[in-house]
> 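A single structure is presented below for examination.
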2 protein chains.
Amino acid sequence: MTTKPKLTIEDIAKAAGVTIKTVSRVFNNAPNVRQQKRDLVLGVARDLGYRPNISARQLASKRSFVISHFHDNPNTDYLSEIYEGMRRACSEQGFYAVAEKLAPQKGSYRQALLDYLVRFEVDGMILSPPISDDVAVIREIEKRNIPYALISPGKKKKSAINVFIDEKNAGRSITDYLIARGHDQLAFISGLDSHAASRQREAGFWEAIEVAQIPKKNAVRLAGDFSMQSGFAAFDNLMKKAPHVTGIFAANDEMAVGTIVAALRNGKKVPQDLSVVGFDDSPFARAMWPAITSLAQPVNEMAHLSTQKLIEWVHAEALGQSRFEFSTEIIIRESCS
Amino acid sequence: MTTKPKLTIEDIAKAAGVTIKTVSRVFNNAPNVRQQKRDLVLGVARDLGYRPNISARQLASKRSFVISHFHDNPNTDYLSEIYEGMRRACSEQGFYAVAEKLAPQKGSYRQALLDYLVRFEVDGMILSPPISDDVAVIREIEKRNIPYALISPGKKKKSAINVFIDEKNAGRSITDYLIARGHDQLAFISGLDSHAASRQREAGFWEAIEVAQIPKKNAVRLAGDFSMQSGFAAFDNLMKKAPHVTGIFAANDEMAVGTIVAALRNGKKVPQDLSVVGFDDSPFARAMWPAITSLAQPVNEMAHLSTQKLIEWVHAEALGQSRFEFSTEIIIRESCS
DNA sequence: CGTTAAGATGACAGCGTTGTCAAACGGCGT
DNA sequence: ACGCCGTTTGACAACGCTGTCATCTTAACG
């Protein structure tokens, strides 16, 4: 069992004929190192297979090299995408990605965050809905001057990195799609109203209807909460309130699945009798049968970029550009006639 | 902005009137500290709100305090449960839980693991299926003497912590349930054959049939791969091969969902025309309509215990008891007539 | 060429903890 | 009271890196 000799910065310095400080500079992308030496050091380090010791770095620099994602979203697929995007960006930069579920107390995540920060050090944080809209949380973060990024926030913050899609426009375009396929009796199944995104998607829904000059009474709003169950319930509701509806826009895929299953149970054919579109392009949408037409947002990329920008912010100790809009795409599948 | 003074071990030592080494001993549960001093130090530390600095600990002790879970399982709910169980155990002990998805190369996860270990230090690892059965991976781990735990391994290892349920017995009992409800025309939808668990569940299925003296020809095996799509396909297959079947046991919930959706599409009522049971008690099972009767294994608890035992192993530098069997439970819902 | 200032490099003291080993303590048998 | 030995405590040097500040180069300019 050959115990690896565990290289230190000193070994590299010796091998490259410089001092440890120069090696340190190279590995921190610090300025004032001749390009030639930089290459030399990197070459030697690569050949020997050297990796800086994280703990020593943390201890000496008083940074944690940790980017933490705080969330409270039961959608594990969404979380996985975010985590994967973070992980990619972090490992490129020698940082660590961590995910932490926060539990609200009296509607705010403030206390949970504080509890966390007592125990752990983070260099930067990423917040996703609904935490990205918790003003008490944001106040605490700003008080501590911790760089942070908001994914899909309801309100953009000047002093943060904001990564988002145009939710309203996305809602508008997928509704337009439904209308273009000939539907003029429509329903929107909402998510939780506490999620700004749901409200904005709905705004897009109504805008599309107005622009298409469809009478408002031909469209109905059904309350949901992003869960599959609420999709079942929404369908039942629909049958009572507006059985003539043929096109449904659910604010997320889970509810779309619920709606479709409920429809099948009631002997309706999808998409022949009822067209349903979802939102998020989650595995649900891909896996369902019929596969669900859905609006895809590049969550993984969004998390990747936020993390990159966050790390730049940590290094530069200053926030650069703060708003990054991503474009969306309608993934057309079979749930729409 | 009151910058927290950042307590060090020295502050505690001073406040308690001992040296830092004694404080260190207390925080490491080291032997040879008078109980009275131990209490004193702990009291002072609690009052002042002291937390040992992780990086310094890592640096000085050459341990990472990281327990890593290596997986390659698309079921994010399963992964979340494991992670949560690990996180609980870790935070109790001042350790860190990390999850890493490994990608196989030529059927083995060995290279992916090696790539990971070059970059990161771990004190212990947890492997879940299918990696828990990759002999090349296990060989590498043992070569390095890293404590490790296997969740639901196909073959138990003497030199590892094994945490598992009796898969065969579980398969047997849920099939018994189906039989007890009057079904004598049965089908089993398998998962990936590379997962030992699927094979064992199937063995239980056939055992139940044999014991109940149901003719073998009244039972059929349909190949699946744990995905919802394969559940759709399995149903189609079933209609061709054995349309008289009334009771289906799917090796996981996703396939159960797929089967039910396909059945609904084909005008069959669940559970009136067809009974379906799943396995894992995943959110799918809870959320589906009809909600699916499923076999629950305490994944969270299993991960929690593995992590605890792993940390004990790290501290003691020796493996104690190595086998921990967990019991399962049939969660009865509405998918079975 | 000498001067100067910016740029490149180095020496060295921490960072907060644990490991090692030596010293002090305390209980027991005589 | 003395010596012995196991238990408890302490002093101090690591651990591998970065921050600070001093020193040495270099290139540009007069």
Side-chain angles (χ1 to χ4, degrees), chain A residues 3-42 44-45 48-65 94-96 119-121 123 314-315 317, chain B residues 3-41 44-45 48-66 94-96 119-121 123 314-315 317:
Chain A
T3 312
K4 240 180 303 177
K6 274 299 155 208
L7 294 168
T8 76
I9 199 172
E10 204 127 10
D11 301 315
I12 306 307
K14 214 164 290 173
V18 297
T19 55
I20 59 170
K21 187 65 235 202
T22 302
V23 178
S24 168
R25 287 200 178 90
V26 169
F27 272 88
N28 286 284
N29 272 312
N32 299 338
V33 178
R34 218 162 299 229
Q35 187 58 42
Q36 163 203 6
K37 276 212 165 138
R38 196 179 290 275
D39 295 341
L40 171 66
V41 168
L42 284 175
V44 170
L48 273 57
Y50 165 76
R51 301 265 164 200
N53 179 303
I54 308 133
S55 315
R57 262 157 73 112
Q58 294 177 343
L59 184 58
S61 69
K62 301 179 165 196
R63 280 203 228 134
S64 66
F65 296 92
F95 272 62
Y96 291 83
R119 301 181 57 92
F120 300 103
E121 210 75 22
D123 279 351
V314 170
H315 280 138
E317 294 183 1
Chain B
T3 311
K4 238 180 304 175
K6 275 299 153 209
L7 293 168
T8 76
I9 199 173
E10 205 128 7
D11 300 316
I12 306 308
K14 214 165 288 172
V18 298
T19 55
I20 59 171
K21 187 66 234 200
T22 301
V23 178
S24 168
R25 287 201 178 89
V26 169
F27 272 87
N28 287 283
N29 273 311
N32 299 338
V33 179
R34 220 164 298 236
Q35 188 59 42
Q36 164 203 4
K37 277 214 163 133
R38 197 179 288 275
D39 295 341
L40 171 65
V41 168
V44 170
L48 273 56
Y50 164 75
R51 301 260 165 204
N53 178 302
I54 307 133
S55 314
R57 263 161 81 118
Q58 293 177 343
L59 184 58
S61 69
K62 302 182 164 191
R63 280 205 228 132
S64 67
F65 296 92
V66 166
F95 272 62
Y96 291 84
R119 301 181 57 92
F120 300 103
E121 211 74 21
D123 279 352
V314 170
H315 280 137
E317 295 182 0

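In what follows, chains are A, B, ... by sequence order, proteins preceding strands, each numbered from 1.
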> Under the 3.5 angstrom rule, does the side chain of D11(A) hit a backbone N or O of T8(A) as a donor-acceptor pair?
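Pair found, side chain donor or acceptor close to backbone of T8(A).
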> Provide the closest heavy-atom pair for I20(B) versus A13(B) in the form atom of the first, atom of the second, distance.
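It is N-CB, 3.6 Å.
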> Below 4.0 angstrom from OP1 or OP2 of dG7(C), is there any side-chain N or O of N32(A)?
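Negative; the distance criterion is not met.
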> Is K37(B) close enough to dT8(D) that one of its side-chain N or O atoms is under 4.0 Å from OP1 or OP2 there?
no
> Any idea which heavy atoms bring A56(B) and L59(A) closest together, and the distance?
CB-CD1, 3.8 Å
> What are the two closest heavy atoms between F65(A) and R57(A), and how far apart are they?
CE2-NH2, 3.3 Å
> Which protein N or O atoms sit under 3.5 Å from an N or O of nucleotides 23-25 of chain C?
none

> Base contacts versus sugar-phosphate-only contacts with protein, heavy atoms under 4.0 Å: please encode nucleotides 15-23 of chain D as B, S and - from 5' to 3'.
BBBBBB---
> To the nearest Å, how far apart are Q58(B) CD and dG19(C) P?
13 Å
> Going by heavy atoms in the side chains, are I54(B) and Y96(B) under 4.5 Å from each other?
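Answer yes - side chains close enough.
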> Taking five pairs at each end of the helix from dC1(C)-dG30(D) to dT30(C)-dA1(D), what angle separates the two helix axes (nearest 10°)?
30°
> Are side-chain N/O atoms of S64(B) and E121(B) paired as donor and acceptor at under 3.5 Å?
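Per modelled atom types, S64(B) and E121(B) side chains form no pair under 3.5 Å.
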> If every non-hydrogen atom of F95(B) is compared with every non-hydrogen atom of V314(B), which pair is closest and at what distance?
CZ-CG1, 4.3 Å
> Could you tell me which non-hydrogen atom of N32(A) sits nearest to which non-hydrogen atom of R25(A), and how far apart they are?
O-CD, 4.5 Å
> Please examine the side chains of N29(B) and R38(B), heavy atoms only from C-beta on, and report whether any two atoms are closer than 4.5 Å.
yes
> Side-chain contact, heavy-atom cut-off 4.5 Å: V23(A) with V18(A)?
yes
